[in-house]
Amino acid sequence: MTIRSPAARDLAALAALLADETRAAFCLALLDGRAWTAGELARHARVAPSTASGHLGRLVAGGLLAEERQGRHRYVRLADARAARLVEGLLAHTGPEAAAPPRTLREAGARGAMARGRTCYDHLAGRLGTAIADAMTARGLLEREAGFALSGSGLRWFAGLGVELAAGGRRPLARGCLDWTERRPHLAGVAGAALCRHALDSGWCVRIGTERAVKVTAEGERALGDLLGIAPAALR
């Protein structure tokens, strides 16, 4: 009789949660870091509300999603940064080459926008995210010899922006996150989340479309050029 370990059982259960296209679509949508209603996710995945409810129940019970209720509305979001990292990491293993060719010009445009810049849960990704990480590294703000770490200059750089880094929790201050379109790491962790929030609040970036895509504004191009020496062409 074969004795299976609890770890193997738990891993198989986790894999089963994402081994369904509808549940995977829900998790990908929630990588934008926001809370969605069950109805919004049902329309996004083009399934009936009753079907969505069943799938969401499994994802919440499995620990990948967290549920919040406000009045009659039920909201769900990714449970935490670790869940987001799992989904994004699995997506990176599929590779952009695995995607089917776009069926319409609109779909092609949406894919291009996602590749240029998007949110990955609560930090910046795509060409925008990797350009920022590379520029921070070149300027000595980010050290990458053994993983991602902010240098003393990097900590002062954030302070100069007026961005507070709430360190001391379970989440690392800086962490590399493999970008699924660029195949290189962008900045995640507390610093990545704080920079993304600052970029959106300051109008450097704006959300576009209904996916996770973000666009760098003219003000953002000037700020990133002045602060990190990133050429505007690299952000378009």
Side-chain angles (χ1 to χ4, degrees), residues 2-96 98-100 103 106-107 110-111 113-114 118-126 169-172 175 177-181 188-190 192-193 196-197 200 207-214:
T2 302
I3 300 176
R4 295 183 175 87
S5 71
R9 180 195 61 217
D10 293 345
L11 180 59
L14 178 61
L17 282 177
L18 291 171
D20 177 273
E21 192 170 345
T22 297
R23 292 196 293 273
F26 289 169
C27 291
L28 289 175
L30 291 167
L31 275 175
D32 68 358
R34 295 177 287 187
W36 290 46
T37 67
E40 288 170 336
L41 286 170
R43 289 190 294 273
H44 173 77
R46 299 179 182 179
V47 296
S50 58
T51 300
S53 181
H55 285 304
L56 290 173
R58 288 193 61 179
L59 289 167
V60 170
L64 284 180
L65 302 188
E67 182 181 40
E68 299 174 2
R69 290 188 181 271
Q70 291 187 6
R72 301 186 322 179
H73 296 289
R74 175 195 187 192
Y75 291 88
V76 291
R77 55 177 173 77
L78 287 173
D80 49 29
R82 186 173 60 175
R85 188 161 67 245
L86 171 67
V87 175
E88 183 80 5
L90 289 173
L91 190 60
H93 280 286
T94 67
R103 294 167 293 183
R106 182 177 181 180
E107 184 177 342
R111 285 194 193 180
M114 288 277 284
R118 64 183 182 276
T119 54
C120 173
Y121 187 50
D122 60 0
H123 54 272
L124 297 170
R170 294 176 57 187
R171 194 175 188 186
R175 184 184 62 80
C177 180
L178 180 61
D179 196 286
W180 70 272
T181 52
V190 172
C196 178
R197 187 165 55 248
L200 291 169
R207 296 184 184 273
I208 56 175
T210 57
E211 300 282 346
R212 297 183 282 136
V214 297

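Just so you know, these numbers use all the heavy atoms, side chains as well, and skip hydrogens, waters and symmetry mates.
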Nearest 0.5 Å please: distance from the [atom1] atom of [X] over to the [atom2] atom of [Y].
X: L78; Y: L30; atom1: CG; atom2: CG; answer: 5.0 Å
X: C120; Y: D32; atom1: SG; atom2: CG; answer: 11.0 Å
X: L64; Y: R82; atom1: CG; atom2: CZ; answer: 10.0 Å
X: W180; Y: L31; atom1: CH2; atom2: CG; answer: 10.0 Å
X: L56; Y: T51; atom1: CG; atom2: OG1; answer: 10.5 Å
X: L86; Y: L91; atom1: CG; atom2: CG; answer: 11.0 Å

Across all chains, not counting sequence neighbours, the side-chain contact (heavy atoms from CB on, under 4.5 Å) partners of R43 are E40

Sequence neighbours excluded, the answer for side-chain contact (heavy atoms from CB on, under 4.5 Å) partners of A188 is H123, R175, C177

- Message: Please check this pair: side chain of D122 against backbone of A193, looking for a donor-acceptor N/O pair closer than 3.5 Å.
- Response: no

Closest heavy-atom pair, A83 versus A79, reported as atoms and distance to 0.1 Å, is CB-N, 4.2 Å

In terms of heavy-atom contacts, G126 and T181 come closest through CA-OG1, 4.0 Å

* Asked: Yes or no on salt bridge (charged side-chain N to carboxylate O under 4.0 Å, His left out) for R118 and D179, after CA distance, side-chain angles and deciding distance?
  -> CA-CA 11 Å; R118 64 183 182 276; D179 196 286; 3.0 Å; yes

* Do C196 and T119 come close enough that some side-chain heavy atom pair is under 4.5 Å? -> yes

So salt bridge (Lys or Arg N to Asp or Glu O under 4.0 Å) across residues 47-68, not counting sequence neighbours, yields E67-R69, E67-R74, E68-R77

- [ ] Take Y121 and R85 through the test side-chain contact (heavy atoms from CB on, under 4.5 Å) and record every step on the way to the result.
- [x] CA-CA 8 Å; Y121 187 50; R85 188 161 67 245; over 6 Å; no

Taking only distance into account, with no hydrogens and no angle test, what donor-acceptor pairs under 3.5 Å do side-chain atoms of residues 12-29 form with protein atoms, sequence neighbours excluded?
from : atom 1 : to  : atom 2 : distance (Å)
D20  : OD1    : T22 : N      : 2.9
D20  : OD1    : R23 : N      : 3.1
R23  : NE     : L17 : O      : 2.7
R23  : NH1    : H55 : ND1    : 3.0
R23  : NH2    : A16 : O      : 3.0

